[in-house]
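Both backbone and side-chain heavy atoms feed into the values below; hydrogens, waters and symmetry mates do not. Owing to the predicted nature of the structure, the values given are computational and were not obtained by experimental measurement.
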Amino acid sequence: MASSPLITFKAGKCAFAGRKVTPDPTPGYLYIYTEDDLPHLCWRPRSAPANVPEIDLLMFPGDASFHPLVKNPGAESVESPTSGRIFVLKFSSSSQKYYFWMQSAPQHKEGKLGWFSARDQRIGQVIDALLQGEDVDVEREAQEIRESGAGDDDEDHGDADAMEVDQEDGLTRQETGGAGQGATGGDAREEGEASREGGADGGRAQDTNTIVQDFLNSLHSTQQSRTAAQQVDIPFTSLPELLTPQTTLSWVTEATPAQINTACTLLPPELFLLAQESASEPSSSDPDPSPAAGMAAIEALSTEQKKEVLRRALRSPQFTQSLGSLTVALRDGGLPMIGEALRLKVHHGGVIEGGSMPLGGGKAVEAFVEGVKRTVEEEEERMKE
């Protein structure tokens, strides 16, 4: 069964250092697809298979924005400070940013290569709306963008195939409410694939993500978290900034075999089945994805092999995105629910002392971190007894 992208357009990735943004000339596609009711924003080279994105970011509604990188915000003419049309993907849960540059032919305005036409702006608006969780008629939007340049008055509507995607992969499409074949030309992705760049390695922190998703869904039916978010806040770091790859990878290097085994039990068993399969003779049968088979694979691997699986998971975009989404949920009043689900020793149950309102903002993130620390310390004390 396959899931087709909601929207796809020609774009390249950019490198960012200091205040300098450098476009990568590799021809690529930027697209969004949904899985488990959550959007994924992906980028891949046009030469790569459709189901192997180089960047695959799990997005939580409201956590990110997608806007043009502009020279003069608020000006009537939207122009980039560079010689190209660059969009920036920002996250509210962390300082992480991604830059992408449009590779469709520009709709020139007096030779200004960094000028965003109405068509360019509309593509960005559709992407941003999808990231906010809004209902978007993607098929209609994509068709209008491709056919009419989103209403530009210029005679030259630029690249008519700005939304076009190659079809060399030959995968089966699943016709859904998203953009149809004629609208985006979409590529297709196999659901449940065991190995995706950063995807399988990252797992997706199944238990925590389920908790966070349930909480985010509950925001639509309660105003309590909105009130909590308005309380007096304190500055506090986000989980992605606290658990950087440098920090987590150092822990893996220094961890004892017992600690490594415990950490391995928190990851999807498929990761270890794949590691075991790659280290053994090829087999014609499919690996058993059951938890029991996963535990057997963990026991069969050496400590160094287990560490390598953990390193890949901790370096994956999915791990960073999960931390960012968890930060958003905590700041929006989800600490009591998340703390209870994870059985953490959170001070006062994660609510304001003397009341029933949940902590929000930086206070909630700080209380969560302190709760994790307290829970671990108490567990270690029990083990010593």
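- Looking only at side-chain heavy atoms (C-beta outward), M383 and E378 stay at 4.5 Å or farther from each other.
- A pairwise comparison of heavy atoms in Q305 and S302 identifies OE1-N, 2.8 Å as the closest pair.
- A side-chain contact (heavy atoms from CB on, under 4.5 Å) with K345 is found for exactly one of V376, T375, V372, namely T375.
- The list of salt bridge (Lys or Arg N to Asp or Glu O under 4.0 Å) pairs with a residue in residues 315-324, not counting sequence neighbours, reads E308-R315.
- The aromatic rings of Y33 and Y31 sit tilted, their planes meeting at an angle between 30° and 60°.
- The distance from the CD1 atom of I32 to the OG1 atom of T8 is 9.0 Å, given to the nearest 0.5 Å.
- Atom CD of E340 has 12 or fewer heavy atoms from other residues, nucleotides or ligands within 6.0 Å.
- Closest approach of G62 to Q132, counting heavy atoms only: CA-OE1, 3.4 Å.
- Residues F368 and L359 fail the side-chain proximity criterion, which asks for heavy atoms closer than 4.5 Å.
- Between I7 and L30 there is no side-chain heavy-atom pair separated by less than 4.5 Å.
- Here CE of M59 is found 11.0 Å from CG of L130. Values are rounded to the nearest 0.5 Å.
- The other residues sharing a hydrophobic cluster with W101 are F16, V21, L69, I86, V88, Y99, where clustering joins ILVMFWY side chains under 4.5 Å apart.
- For residues 64-96, the pairs satisfying ring pair (Phe, Tyr, Trp, His ring centres under 6.0 Å) are F66-F87, F87-F116, with sequence neighbours left out.
- The 12-atom threshold is exceeded at CD of E134, counting heavy atoms of other residues, nucleotides or ligands nearer than 6.0 Å.
- Considering every non-hydrogen atom in both E54 and P45, the closest pair reads OE1-CG, 3.9 Å.
- Identified under the salt bridge (Lys or Arg N to Asp or Glu O under 4.0 Å) test for residues 85-103, with sequence neighbours left out: R85-D120.
- Every residue two or more places apart in sequence or in another chain was checked for a side chain to side chain donor-acceptor pair (under 3.5 Å) with K307, and none qualifies.
- When the side-chain contact (heavy atoms from CB on, under 4.5 Å) test is applied to T247, the partners found at least two apart in sequence or on another chain are T244.
- The cluster map of Ile, Leu, Val, Met, Phe, Trp and Tyr, joined by side-chain heavy atoms under 4.5 Å apart, puts V351 and V369 in different clusters.
- One distance of note links CG of L239 with OG1 of T327; it measures 3.5 Å at 0.5 Å rounding.
- Side-chain N/O atoms of R119 and S104 include a donor and acceptor closer than 3.5 Å.
- Nearest heavy atom pair, residue A255 against residue I260, reads CB-CD1, 3.7 Å.
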### Task
Go through E241 and S238 one step at a time and tell me if the side-chain hydrogen bond (donor to acceptor under 3.5 Å, both in side chains) criterion holds.
CA-CA 5 Å; E241 292 169 334; S238 66; 3.2 Å; yes

